[in-house]
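Let me begin by presenting the structure, written as structure tokens, before commenting on it.
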Amino acid sequence: MEAPTTGDVPVPEAASYRDWSELPLDALAWVFGKLGAVDILMGASYVCHSWLDAAKVPELWRSVDMSNHVVVDRIMGTGTIDKTRGGDCTAKDEAEDGKEEPGETLFCIGVEGSVAEKPPSPGLKVRFLKYCSDVSNEGFSQLEDLTLLYCDDVGGRDVYEATGKACRQLRCFTMMHDEDHDQLGREALRVAAMHELRSLTLQGCDDTNNELVCILDGCPQPHTLSFSTWMAAPESSQTMLFGLSVLGSALLHFPPLRK
Amino acid sequence: MEVDKGKGEAEETRKVAEADRDTVTLKSSDGKLFEVSKEAAARLSTVLAGMIAGGSIDDNGTDLKQIGSEALENVVDYCNKHANSIPSAALISSSISFNTAPFKEPEEWERKFVDRLSHDALFDLVEAANFLGMERLLDVTCHKISEMMKGKSPDQIREVFNIKNDYTKEELEEIRQELAWAFYDD
């Protein structure tokens, strides 16, 4: 194996004589956009005043992805969560009838407190959380797309109403759980609190067919529905299919009939 | 050899000649002239595209007083290389949003192009790309800069980029609290 020839490419100087704190804000924000949230929050923001200004450019925070970062892995490694699953973020929720269960808080994006004076979180449109034990629904009034994957503290009877109230612009809601989860109970009708909802995906829920019907009735403007691993079989398929006729697309996955 | 022409007519002739040329001449802050493919310049730089369309290109060298000769040479080099290697205009995204714009990884030649630059040359090139509204060049240069920053502590970043810490201890503590929302673990 020969070493690649560098030709007449000059070796870059080690030192820099330009003062990089004077890089135009637009360009800095462009750099930060490529850097990702964790490096902005842990490194760049602390460098100097002008870099902090660039770190606060709202466009940078419209979408935040903190997954697969070494820091996230490290923090996740200290918890009980399997870090090979990759990791994400976020706060705490008022699910489970208001009682909060203790758990490892990994990250939170846009929770109370600092949010008020900062542009990032209130304007957030999409939120994707995976393996977060403590999830908040505060500070997300602009949220349009919410994905909760395996966030085991989220659930319970109030989950739809609470989410619907917190995220009034929500158009797309996805929730998945590892194991059977008491997600809806008889409160399925409260999905109607999500006034703008167009798309709903649920997986690993312990809901009965009646509740599915409730969802269909309650969901004001459904377009896409996707469910899987239901514990109950479709008893009143006719009602259901009637409900489904308003949908643009639906994916229903039923397990074998159970007693 | 010249027949005496009216001034307007001469002007018109000049303009027509200019329009026919397939390169434009750019002049750096220190007075050096560079030729660049007109098509590539218009495609890659919103500012140059505007100047070309608006007829404010000077045949004797369009003044770019904000850009030094080294940076302008790199800009022109980039444009000309781009003109030769990538014919597709689809490469440049029209969206200007940082995170949502689909970022196309730098091509091999683009990577090499920025890798050979010194830190200072990179700084100047980013400034020039920003000034000229060259989105793709900004993408490529900023990608390089972000790679130089990834995983580094604030101290390490300051060292690499020759930045003085202009925070007081109190200010740093304040930011820490301000950003605590991201990493609280109580």
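Please read all numbers here as calculations on a predicted model, not as lab measurements. Each chain gets a letter, A, B and so on, in the order the sequences are listed, and its residues count up from 1. The analysis underlying the following values was restricted to heavy atoms, covering all of them including side chains, and did not include hydrogens, waters or symmetry mates.
Here A:Tyr46 and A:Trp51 keep their ring centres 6.0 angstrom or further from each other.
Ranked by heavy-atom pairs under 4.5 Å with chain A, the list B:Leu122, B:Val126, B:Leu172, B:Ile145 is led by B:Ile145. Comparing B:Glu127, B:Glu147, B:Met149 by heavy-atom pairs within less than 4.5 Å of chain A, the highest count is held by B:Met149. The residue among B:Leu138, B:Asn165, B:Thr141 with the most heavy atom pairs within less than 4.5 Å of chain A is B:Leu138. Residue with the most contacts toward chain A among B:Asp166, B:Asn130, B:Asp124: B:Asp166 (heavy-atom pairs, distance under 4.5 Å).
Within the 4.5 angstrom heavy-atom criterion, no atom of B:Lys144 approaches chain A. Heavy atoms closer than 4.5 Å to chain A are found in the backbone of B:Lys152, but not in its side chain. At a 4.5 Å heavy-atom cutoff, the contact between B:Glu171 and chain A is made by side-chain atoms alone.
The pair B:Glu39-B:Arg43 counts as a salt bridge, with a side-chain nitrogen and a carboxylate oxygen less than 4.0 angstrom apart.
Ring-plane geometry between A:Trp20 and B:Phe123 is classed as perpendicular, the angle between the planes exceeding 60 degrees on a 0 to 90 degree scale with a lower cut at 30.
In this structure, B:Ile67 and B:Phe131 approach most closely via the heavy-atom pair CD1-CD2, 3.9 Å. For the pair A:Val31 and B:Cys142, the tightest heavy-atom approach, listed with the atom from each and the gap, is CG2-SG, 3.5 Å.
For the 3.5 Å distance criterion, the side chains of B:Glu110 and B:Tyr78 qualify, holding a donor opposite an acceptor.
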